[in-house]
Enquirer: 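Below are the structure tokens for one structure; questions will follow.
What you see is a predicted model, and the numbers here were worked out from it, not measured in a lab. A, B, ... follow the sequence lines: proteins, then strands. Residue 1 opens every chain.
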Amino acid sequence: MPFTIATWNINSVRLRLPIVETFLRRFEPDILCLQETKCPNDLFPHAAFEAIGYPHVAIHGQKGYHGVATISKLPFDDVVRQDFCAVGDARHLSVRVEAGEKRIRIHNLYVPAGGDEPDPAVNPKFRHKLDFLEEMRAMRASGEPGVSSILVGDLNIAPFEADVWSHKQLLKVVSHTPVETEGMIRVITEGGWADLMRHAIPVPEKLYTWWSYRAKDWDAADKGRRLDHVWGSGDLVADLRGIEVLREARGWERPSDHVPVIARFDL
DNA sequence: ATGGTTGATCGTCAA
């Protein structure tokens with residue numbers, strides 16, 4: 001059976017509810033994982049999602065910052081909210097679904113951006129990001145017997161040269177420094193994950209999911225980075241039918257600086 | 001080298 005999952009850093013779910021609804025109506029993913037919802041739990045717009053066919057919603061929000069939400073057509077159970085680095089940030093949410101022949105744990109993650117200065121000794125935000133990455137090493141693609149895994153989200157790291165507009169110019173820019181890119185590749189390798197975006201669209205093809213708000217003409221300048229990711233347990237590689245990065249969404253009305261990534265499977 | 005933009009919230013932080 002077809003199974004589709006999307007991930008999108010929405011940068012305020014309430015402000016951008018209209019374009020989220022447009023996206024869901026047009027692409028009809030079974031599951032949408034949102035990051036940076038910036039929405040306290042008691043103000044989350046549940047009714048809007050239920051009204052367009054998404055009655056199953058898990059949220060992990062806080063006031064002002066961060067926040068993740070998993071919005072689903074399919075029922076799920078065993079919701080887990082992990083407090084990475086024990087700082088009380090709402091940055092992780094996982095659920096377990098049954099789709100086709102498979103049971104799948106879906107992790108929805110929002111990794112700290114890490115601030116501007118890529119030195120953990122002087123920048124506590126970068127220290128936090130590296131600590132978060134270290135804690136991610138415990139995430140295993142085969143964590144539960146008989147359960148496949150998908151990990152999506154804004155991981156705020158672009159691991160490969162083809163994931164940034166200029167490898168040389170970004171080597172000392174947070175998101176593409178060696179300690180981050182090597183750390184991420186270690187998490188992928190040790191955890192038994194497959195980088196599904198790069199299975200479908202291999203290096204060296206350039207692939208971006210984020211363009212800064214600060215760039216004057218994001219489309220023409222095209223100074224993007226691949227900060228959003230879709231990882232899966234090894235068994236899902238054979239089931240993957242394609243990846244779509246919805247670049248056009250960066251040009252929508254009042255856009256997020258991130259665009260949706262859609263993964264399609266036949267399970 | 002610097003400043004550039006956006007959102008939540010209401011001066012300032014986070015990204």
Enquirer: Using a distance-only criterion (donor-acceptor N/O pair, under 3.5 Å, no hydrogens), is the base of B:dA8 paired with the side chain of A:R14?
Expert: no

Enquirer: Check this one for me: any side-chain N or O of A:R254 less than 4.0 Å away from OP1 or OP2 of B:dG7?
Expert: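 For A:R254, the contact criterion (side-chain N or O under 4.0 Å from OP1 or OP2 of B:dG7) is met.
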
Enquirer: When the nearest nucleotide of DNA chain B is assigned to A:G115 and to A:R16 on a heavy-atom basis, which residue is associated with the more 5' position?
Expert: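 Nearest nucleotide further toward 5': that of A:R16.
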
Enquirer: Write down the distance between CD (A:Q62) and C1' (B:dG7), rounded to a whole number of angstrom.
Expert: 14 Å

Enquirer: What is the distance from NZ of A:K216 to C1' of B:dT6, rounded to the nearest Å?
Expert: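 Going from NZ in A:K216 over to C1' in B:dT6 covers 15 Å.
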
Enquirer: Whole-Å distance between B:dG4 P and A:D217 CG?
Expert: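 One finds 18 Å between P of B:dG4 and CG of A:D217, rounded.
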
Enquirer: Which one, B:dG7, B:dA14, B:dT5, comes nearest to the side chain of A:K38?
Expert: B:dG7

Enquirer: Think A:H258 has a side-chain N or O under 4.0 angstrom from the OP1 or OP2 of B:dA15?
Expert: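 No, because none of the side-chain N or O atoms of A:H258 sits under 4.0 Å from OP1 or OP2 of B:dA15.
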
Enquirer: Picking from B:dA15, B:dA8, B:dT6, which would you name as closest to the side chain of A:Y213?
Expert: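 Closest nucleotide among those given: B:dT6.
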
Enquirer: Sticking with atom C1', work out how far B:dA15 lies from B:dG3, rounded to a whole angstrom.
Expert: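 Going atom to atom, C1' in each nucleotide, I get 15 Å.
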
Enquirer: Rounding to a whole Å, what distance do you find between A:I10:CD1 and B:dT6:C1'?
Expert: 13 Å

Enquirer: Write down the atom of A:L133, the atom of A:V187, and the distance for their closest heavy-atom approach.
Expert: O-CG2, 3.6 Å

Enquirer: List, by chain and then residue number, the residues other than A:I52 in its hydrophobic cluster (Ile/Leu/Val/Met/Phe/Trp/Tyr, side-chain heavy atoms under 4.5 Å); write none if there are no others.
Expert: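 Cluster partners of A:I52: A:W8, A:I10, A:V13, A:L17, A:I19, A:V20, A:F23, A:L24, A:F27, A:L32, A:L34, A:F44, A:F49, A:Y54, A:V57, A:I59, A:I71, A:L246, A:W252, A:I262.
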
Enquirer: Using whole Å, what does the distance between atom P of nucleotide B:dA14 and atom NZ of A:K129 come to?
Expert: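 These atoms are roughly 15 Å apart.
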
Enquirer: Quick one: on DNA chain B, does A:N156 or A:G64 contact a more 5' nucleotide (nearest heavy atom)?
Expert: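 Here A:G64 is the residue nearer the 5' end.
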
Enquirer: With no hydrogens and no angle check, is any side-chain donor or acceptor of A:E135 less than 3.5 Å from a backbone partner on A:C85?
Expert: yes

Enquirer: Checking side chain to side chain donor-acceptor pair (under 3.5 Å) for the pair A:N11/A:S256: CA distance, chi angles, key distance, verdict?
Expert: CA-CA 6 Å; A:N11 189 15; A:S256 170; 5.4 Å; no

Enquirer: Applying the side chain to side chain donor-acceptor pair (under 3.5 Å) test to A:N108, which of A:Q35, A:H60, A:R91 qualifies?
Expert: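 With A:N108 as partner, side chain to side chain donor-acceptor pair (under 3.5 Å) holds for just one option, A:Q35.
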
Enquirer: Give me the distance, rounded to whole Å, that separates B:dA14 from B:dC10 when you measure between the C1' atoms they each carry.
Expert: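 Roughly 16 Å separates the two C1' atoms.
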
Enquirer: Starting at atom CZ of A:F44, determine the distance to atom P of B:dA8, rounded to an integer number of angstrom.
Expert: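 Computing the A:F44:CZ to B:dA8:P distance gives 14 Å.
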
Enquirer: Between atom OH in A:Y65 and atom P in B:dA8, what is the gap in whole Å?
Expert: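 Nearest whole value for this atom pair: 12 Å.
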
Enquirer: Whole-Å distance between B:dA14 P and A:Y110 OH?
Expert: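 So the two atoms are 11 Å apart, to the nearest Å.
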
Enquirer: Name the nucleic acid region contacted by A:R250, choosing base, sugar-phosphate or nothing; use a 4.0 angstrom heavy-atom cut-off, strictly under.
Expert: nothing

Enquirer: Counting any heavy atom closer than 4.0 Å, what does A:K63 reach on the DNA or RNA strands: base, sugar-phosphate only, or nothing?
Expert: sugar-phosphate

